[in-house]
Amino acid sequence: MPDRFAQKLLQWYDSHGRHDLPWHHNRNAYRVWVSEIMLQQTQVTTVIPYFEAFMERFPDVQALAEAPVDDVLSHWSGLGYYARARNLQKAAQTVVRDFGGEFPQTQEELESLTGIGRSTAAAILAQAFGIRAAILDGNVKRVLARYHAIPGWPGQTAVLNQLWQRAEEHTPEQRVRNYTQGIMDLGAMVCTRSRPACDSCPLQHGCQAYARRETSLYPGSKPRKAKPEKTTWMMILQDSEGRILLERRPPSGVWGGLWSLPELDPAYGADELQEACEQNLGLDCGEPELISGFRHTFSHYHLHIQPARLNVASGSKSIADQGHLKWLHRHEALNLGLPAPIRLLLTKPEQTALL
DNA sequence: AAAACGTGGAA
DNA sequence: TTTCCAAGTTT
């Protein structure tokens, strides 16, 4: 019995798939690569404006490799998973230095570039070079888990291995570019997470989950865990010129590499805030003004952010623009790749007055 | 193997 | 309001 899976999918793609996304134009390995990295765990509609601006500023791998890292991060600000941006530039430098500015065309070499894993490498091979390679993103996982009624949560290695095997089986020799785009489109537009449009699905015949009317059971859901609650101080330090102090965050950890308001351990307590601030930053600070905090929810925990505003004597400018600290005016600060919640703090109308 | 890594939209 | 999860990879 011949496998009609790819054939039916390609037929559907020709009339119903997405043929007009920004990275489909002027297609080359660089544009495909950047789009694939941006699209990791990120929806298409979110990525599009970032992709356009990024390509305007960094039109090729050379431009990206040579750019200041702050420039790269600022173009990523608000997109999340900032390690992607740092890895992207590092990989660009590798491509320029080790591959003569041309992207390699093997799975192994692509995966050697930081930020490129199995699925992204395959996507680049298929999309940019038309080389047969199986992808397995969230869309494909959902389509295959349903089509073959594969039980369990894809986060489990055993489940993931079955999905990869099916992905490899179905990937055709011909038209891989359209096939990989098509199966993602099907997952995004027809085989959706909730209320899939099975009546207009080209793979309805043969779909095990549909045959049992159990599409909602696949893929299995992630076991839920309670999110830990964390607390932190965010200091708004302002000098007599109205400038605020920013610090560069360490490369690992949340908002890695971005500039943010200086953060202080909540263990200090509100009463020790001034002293702790002076001690940590080496400044003469005034009395802290506590501002009502807010809770920010991350993937794995809740963060209670407690802002505090301090006026800093302009005499204590010795640390200005040294190391990881920087005095900036508000309009300059917004262009430095500030993480979204902090940008929120700086720009929300009801909170702007704080600065 | 499991946790960490972000943000915005949908349910 | 809270949870889930979306074109995953790294540690």
Side-chain angles (χ1 to χ4, degrees), chain A residues 17-18 21-24 31-51 73 76-88 90-91 110-124 126-127 133-143 153-161 163-164 167 180-189 191-195 216 219-230 249-258 260 294-303 337-344:
Chain A
R18 294 177 288 196
L21 293 167
W23 38 93
H24 293 161
R31 288 170 63 86
V32 169
W33 169 54
V34 172
S35 74
E36 290 298 333
I37 300 298
M38 284 188 172
L39 287 160
Q40 287 170 359
Q41 303 286 280
T42 311
Q43 297 195 11
V44 170
T45 53
T46 303
V47 164
I48 288 175
Y50 281 88
F51 180 81
L73 286 170
W76 213 271
S77 179
L79 200 51
Y81 284 143
Y82 300 99
R84 292 184 296 175
R86 298 192 306 275
N87 288 337
L88 197 71
K90 189 179 173 191
L110 284 169
E111 283 187 38
S112 77
L113 298 170
T114 177
I116 299 181
R118 181 172 177 181
S119 189
T120 299
I124 295 170
Q127 293 291 329
I135 62 164
L136 188 62
D137 69 340
N139 291 306
V140 182
K141 285 174 186 169
R142 192 166 52 252
V143 170
W153 174 53
Q156 296 173 332
T157 305
V159 178
L160 195 60
N161 287 341
L163 290 168
W164 269 116
T180 55
Q181 184 63 51
I183 194 167
M184 287 190 288
D185 289 354
L186 189 77
M189 301 161 70
C191 196
T192 50
R193 177 157 63 98
S194 60
R195 301 172 58 81
S216 66
S221 53
K222 175 183 176 177
R224 70 168 52 184
K225 288 181 187 171
K227 288 179 179 167
E229 200 80 34
K230 301 185 181 181
R249 305 181 63 90
S252 64
V254 75
W255 303 322
L258 298 191
S260 79
F294 57 95
R295 196 171 79 149
H296 186 77
T297 297
F298 289 90
S299 309
H300 294 87
Y301 60 95
H302 302 285
L303 183 64
L338 292 169
I342 306 310
R343 184 172 50 210
L344 211 68

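Naming: A, B, ... by sequence-line order, numbering from 1 per chain.
Rounded to the nearest Å, the gap between the C1' atom of C/dC5 and that of B/dC5 is 14 Å. Taking the P atom of each, C/dT1 and B/dG6 are spaced 25 Å apart, rounded to whole Å. When the P atom is compared between C/dA7 and B/dA11, the two are found 14 Å apart, to the nearest whole Å. With both ends at atom P, the span from C/dT9 to B/dG8 equals 23 Å, rounded to whole Å.
A straight line from CG of A/L136 to C1' of C/dA7 spans 11 Å, rounded to a whole angstrom. A/K225 places its NZ atom 7 Å from the P atom of B/dA2, with the value rounded to the nearest Å. At whole-Å resolution of the value, CZ in A/R295 and C1' in C/dT2 are 8 Å apart. Atom pair A/R84:CZ and B/dG6:P shows a separation of 9 Å (rounding to whole Å applied). With rounding to whole Å, A/L303 atom CG is found 11 Å from B/dC5 atom P. Distance, A/R31 CZ to C/dA7 C1': 16 Å, rounded to whole Å. Across the protein-nucleic acid pair, A/I37 atom CD1 and B/dG6 atom P stand 15 Å apart, rounded to whole Å. In this structure, A/I135 places its CD1 atom 14 Å from P of C/dA6, rounding to the nearest Å.
Annotation: of the two residues near DNA chain B, A/A158 and A/Q41, the 5′-most nearest-nucleotide partner is A/A158. Mapping A/T114 and A/S35 onto DNA chain C by nearest heavy atom places A/S35 closer to the 5' end of the strand. The residue among A/E36 and A/G115 whose nearest nucleotide of DNA chain C is located toward the 5' end is A/E36. In terms of position along DNA chain B, the nucleotide closest to A/G155 lies nearer the 5' end than the nucleotide closest to the other residue of the pair A/G155 and A/V254.
Residue A/W23 places none of its side-chain N or O atoms closer than 4.0 Å to OP1 or OP2 of C/dA7. Note on A/H296: a side-chain N or O is less than 4.0 Å away from OP1 or OP2 of B/dT7. Taking 4.0 angstrom as the limit, A/S119 places none of its side-chain polar atoms (N or O) nearer than this to OP1 or OP2 of C/dG8. A sub-4.0 Å separation between OP1 or OP2 of C/dC4 and a side-chain N or O of A/R193 is absent. In this structure, A/R142 reaches the C/dA6 phosphate: one of its side-chain N or O atoms is under 4.0 Å from OP1 or OP2. Not one side-chain nitrogen or oxygen of A/Y81 sits closer than 4.0 Å to the OP1 or OP2 atom of C/dA6. Dashed line: the shortest gap from a side-chain N or O of A/S221 to OP1 or OP2 of C/dC4 is not under 4.0 Å.
Here the nucleotide nearest the side chain of A/Q43, chosen from C/dA7, B/dG8, B/dA4, is B/dG8. Distance from the side chain of A/Y82 is smallest to B/dT7 among C/dA7, B/dT7, C/dT9. In this structure, of C/dC5, B/dT7, C/dA7, it is C/dC5 that holds the atom nearest to the side chain of A/K222. In this structure, of B/dT7, C/dG8, C/dT3, it is B/dT7 that holds the atom nearest to the side chain of A/W255.
Donor-acceptor pairing under 3.5 Å is recorded for the side chains of A/N139 and A/R142.
Nearest heavy-atom pair, A/I48 versus A/L21, reported as atom, atom and distance to 0.1 Å: CD1-CD2, 4.4 Å.
When ring centroids are compared, A/F298 and A/H296 come within the 6.0 Å threshold.
Checked by distance alone, A/S299 brings a side-chain donor or acceptor within 3.5 Å of a matching partner on the base of B/dG6. Taking 3.5 Å as the limit, the base of B/dG6 and the side chain of A/T42 contain a donor-acceptor pair of atoms between them. The base of C/dA7 is paired with the side chain of A/R18 by a donor and an acceptor separated by under 3.5 Å.
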Exercise for review: Could you please spell out the steps behind the side-chain contact (heavy atoms from CB on, under 4.5 Å) verdict for A/L88 and A/W76?
Suggested key: CA-CA 11 Å; A/L88 197 71; A/W76 213 271; 3.7 Å; yes
Review point. Are A/L39 and A/V44 close enough, and set up right, to give a side-chain contact (heavy atoms from CB on, under 4.5 Å), and what steps lead you there?
Key: CA-CA 7 Å; A/L39 287 160; A/V44 170; 3.9 Å; yes
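Within 4.0 Å (heavy atoms only), A/G187 reaches no atom of the nucleic acid at all.
When atom types are taken as modelled, the side chain of A/S112 and the backbone of A/L110 share no donor-acceptor pair closer than 3.5 angstrom.
Looking at A/Q127 and A/I135, their side chains never come closer than 4.5 Å, going by heavy atoms from C-beta outward.
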